[in-house]
There are 2 protein chains.
Amino acid sequence: MEKNDLKAVGLKITTPRMRILEVLSSSGDRHFSAEDIYQHLRDIDKDISVATIYRVLTQFEAAGLVIRHNFSEAYSVFELNQGCHHDHLVCLQCRRVIEFHDPVIEERQDALTQRVGFKATDHSLTIYGICQDCQ
Amino acid sequence: MEKNDLKAVGLKITTPRMRILEVLSSSGDRHFSAEDIYQHLRDIDKDISVATIYRVLTQFEAAGLVIRHNFSEAYSVFELNQGCHHDHLVCLQCRRVIEFHDPVIEERQDALTQRVGFKATDHSLTIYGICQDCQ
DNA sequence: GTCCGTGCAAAGGATTTGCATAATC
DNA sequence: GATTATGCAAATCCTTTGCACGGAC
């Protein structure tokens, strides 16, 4: 389980790190801001410092355990990196994030970067709008 | 020319607004942070307050004159909205921004949002990596 | 026991805002 | 001349950092 995730990337197993992993892998939403995580833990009386949340998330990102997103908001959003790349629909009303994956789009991107000699390391495609529930 | 752009969107013609428009439409780079604009103007002895730059850019964005981008950086980048939508390659080394447009990708996005009943208002596709010159 | 992690509070950078002055129409 | 825009400095928001203490191995 999660302890191995930490060991695998060479991070010591500590209570804050485990708790943050738990929140990130909790069912339901998969996309959290640092503040979201802080509230989740505070709600169940598992207090933690915001500074630690940021530090841990940054380490997790460096270790490839989480992916950081800069959607249109002023803050970052984090999700567990589960290996399979995907893109996002972001509802501007309820802030919900819906994932999708389109192989044709991926192919076109690869073709494009090869054509212009650009060494792509990463990409993000985000579609903003109003989700079905909010309409 | 630019005076009409301002009148067309119902904004008074003021010196700061004209100067910012000039920078945004200057040849060369087309993508500027607020700080970039501040420096450009300062360099040619056209002093301006940073607060005004932010205020004007926000008004321009609301009026559809400029587009604001949140690339992976901690700050926003602005470009003149010239009507034809495009996406971006961002060089992580030199920060250069290269534009591209792919109709197939656009189509796939439309098909997707229609399929899941999502009312898209906007989207951004950004590919990060190293441009040819920096390799 | 050593070393790394955490909490706290203060610092940091980008952006916004309140208010008095200055400019546009 | 009335109204809106600007400059300045202070405020705000998210995030990072310094330092002393506490916890993992």
Side-chain angles (χ1 to χ4, degrees), chain A residues 2-24 31-42 45-63 65-79 95, chain B residues 2-24 31-42 45-63 65-79 95:
Chain A
E2 288 119 355
K3 281 193 181 178
N4 297 322
D5 294 346
L6 290 179
K7 276 187 184 155
V9 298
L11 289 174
K12 282 189 190 169
I13 295 161
T14 68
T15 313
R17 286 181 185 151
M18 292 302 291
R19 294 224 168 107
I20 292 173
L21 267 189
E22 278 163 27
V23 173
L24 288 171
H31 300 78
F32 302 86
S33 67
E35 183 66 20
D36 289 337
I37 295 173
Y38 180 66
Q39 294 301 337
H40 271 246
L41 288 173
R42 155 153 297 194
D45 280 316
K46 310 287 189 190
D47 234 323
I48 191 175
S49 157
V50 188
T52 300
I53 295 179
Y54 279 107
R55 267 187 294 233
V56 168
L57 287 173
T58 303
Q59 294 162 341
F60 283 5
E61 188 192 11
L65 283 182
V66 309
I67 299 171
R68 177 196 301 251
H69 298 290
N70 299 309
F71 296 141
S72 57
E73 267 88 26
Y75 47 84
S76 295
V77 171
F78 301 83
E79 72 170 302
R95 277 190 50 207
Chain B
E2 287 118 358
K3 280 191 183 181
N4 297 322
D5 294 345
L6 289 179
K7 276 187 184 154
V9 298
L11 288 173
K12 284 187 187 169
I13 294 162
T14 68
T15 312
R17 286 180 185 152
M18 292 302 290
R19 294 223 167 111
I20 292 172
L21 267 189
E22 278 164 27
V23 173
L24 288 171
H31 300 79
F32 302 86
S33 67
E35 182 67 20
D36 288 338
I37 295 173
Y38 181 67
Q39 293 302 338
H40 271 245
L41 289 173
R42 156 152 297 195
D45 281 315
K46 310 289 188 190
D47 234 323
I48 192 176
S49 156
V50 188
T52 300
I53 295 179
Y54 279 107
R55 266 187 295 233
V56 169
L57 287 173
T58 303
Q59 295 162 339
F60 283 5
E61 187 191 12
L65 283 182
V66 308
I67 299 170
R68 177 195 300 251
H69 298 290
N70 300 309
F71 296 142
S72 57
E73 268 88 26
Y75 48 83
S76 295
V77 171
F78 301 82
E79 72 170 301
R95 278 190 49 205

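Order of the sequence lines sets the chain letters (A, B, ...), proteins ahead of strands, with each chain counted from 1.
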Sorted by chain and number, sequence neighbours left out, side chain to side chain contact (heavy atoms under 4.5 Å, CB included) with A:His31 holds for A:Asp29, A:His69, A:Val77, A:Glu79, A:His88, A:Val97, A:Glu99
For B:Tyr38 and D:dC8, give me the distance from atom OH to atom P, rounded to whole Å. 8 Å
For A:Glu61, check salt bridge (Lys or Arg N to Asp or Glu O under 4.0 Å) against everything at least two apart and list the hits. A:Arg68
Return all side-chain donor-acceptor pairs below 3.5 angstrom for residues 12-21 of chain A, not counting sequence neighbours, or 'none' if the list is empty.
from: A:Thr14; atom 1: OG1; to: A:Arg17; atom 2: N; distance (Å): 3.4
from: A:Arg17; atom 1: NE; to: A:Gln59; atom 2: OE1; distance (Å): 3.4
from: A:Arg17; atom 1: NH1; to: A:Lys12; atom 2: O; distance (Å): 2.9
from: A:Arg17; atom 1: NH2; to: A:Gln59; atom 2: OE1; distance (Å): 3.4

Taking atom C1' of D:dA5 as reference, at what distance in whole Å does atom CZ of B:Arg17 sit? 6 Å
Side chain to side chain contact (heavy atoms under 4.5 Å, CB included) with B:Arg42: which residues, sequence neighbours excluded? B:Tyr38, B:Gln39, B:Asp47
Only counting residues at least two apart or in another chain, list the ones meeting ring pair (Phe, Tyr, Trp, His ring centres under 6.0 Å) with A:Phe32. A:His40
Validation row: B:Leu6, B:Phe60 side chains within 4.5 angstrom (heavy atoms): yes
I want to check something: taking the side chain as every heavy atom from C-beta on, are B:Asp5 and B:Leu11 in contact at a cut-off of under 4.5 Å? no
Side chains of B:Val23 and B:Asp36, heavy atoms from C-beta outward: is any pair under 4.5 Å? no
Atom pairs under 3.5 Å, N or O on each side, protein against nucleotides 23-25 of chain C: can you list them with distances?
from: C:dC25; atom 1: OP1; to: B:Ile13; atom 2: N; distance (Å): 3.1

Each nucleotide of nucleotides 13-20 of chain C classed B (base within 4.0 Å of a protein heavy atom), S (only sugar-phosphate) or -, in 5' to 3' order, makes -SBBBB--
Specify the separation, in whole Å, of atom CG of A:Leu57 and atom P of C:dT6. 11 Å
Between CD of A:Gln59 and P of D:dT15 the distance, given in whole Å, is 16 Å
Holding to salt bridge (Lys or Arg N to Asp or Glu O under 4.0 Å), I want the full list of residues that pass it with B:Glu35, two or more places apart in sequence or in another chain. none
Starting at CG of B:Asp47 and ending at C1' of D:dC8, how long is that distance when rounded to a whole Å? 12 Å
Who pairs with B:Ser49 by side chain to side chain contact (heavy atoms under 4.5 Å, CB included), at least two apart in sequence or on another chain? B:Ala51, B:Thr52
Rounded to 10°, the angle between the first-five-pair and last-five-pair axes of the helix from C:dG1-D:dC25 to C:dC25-D:dG1 is 30°
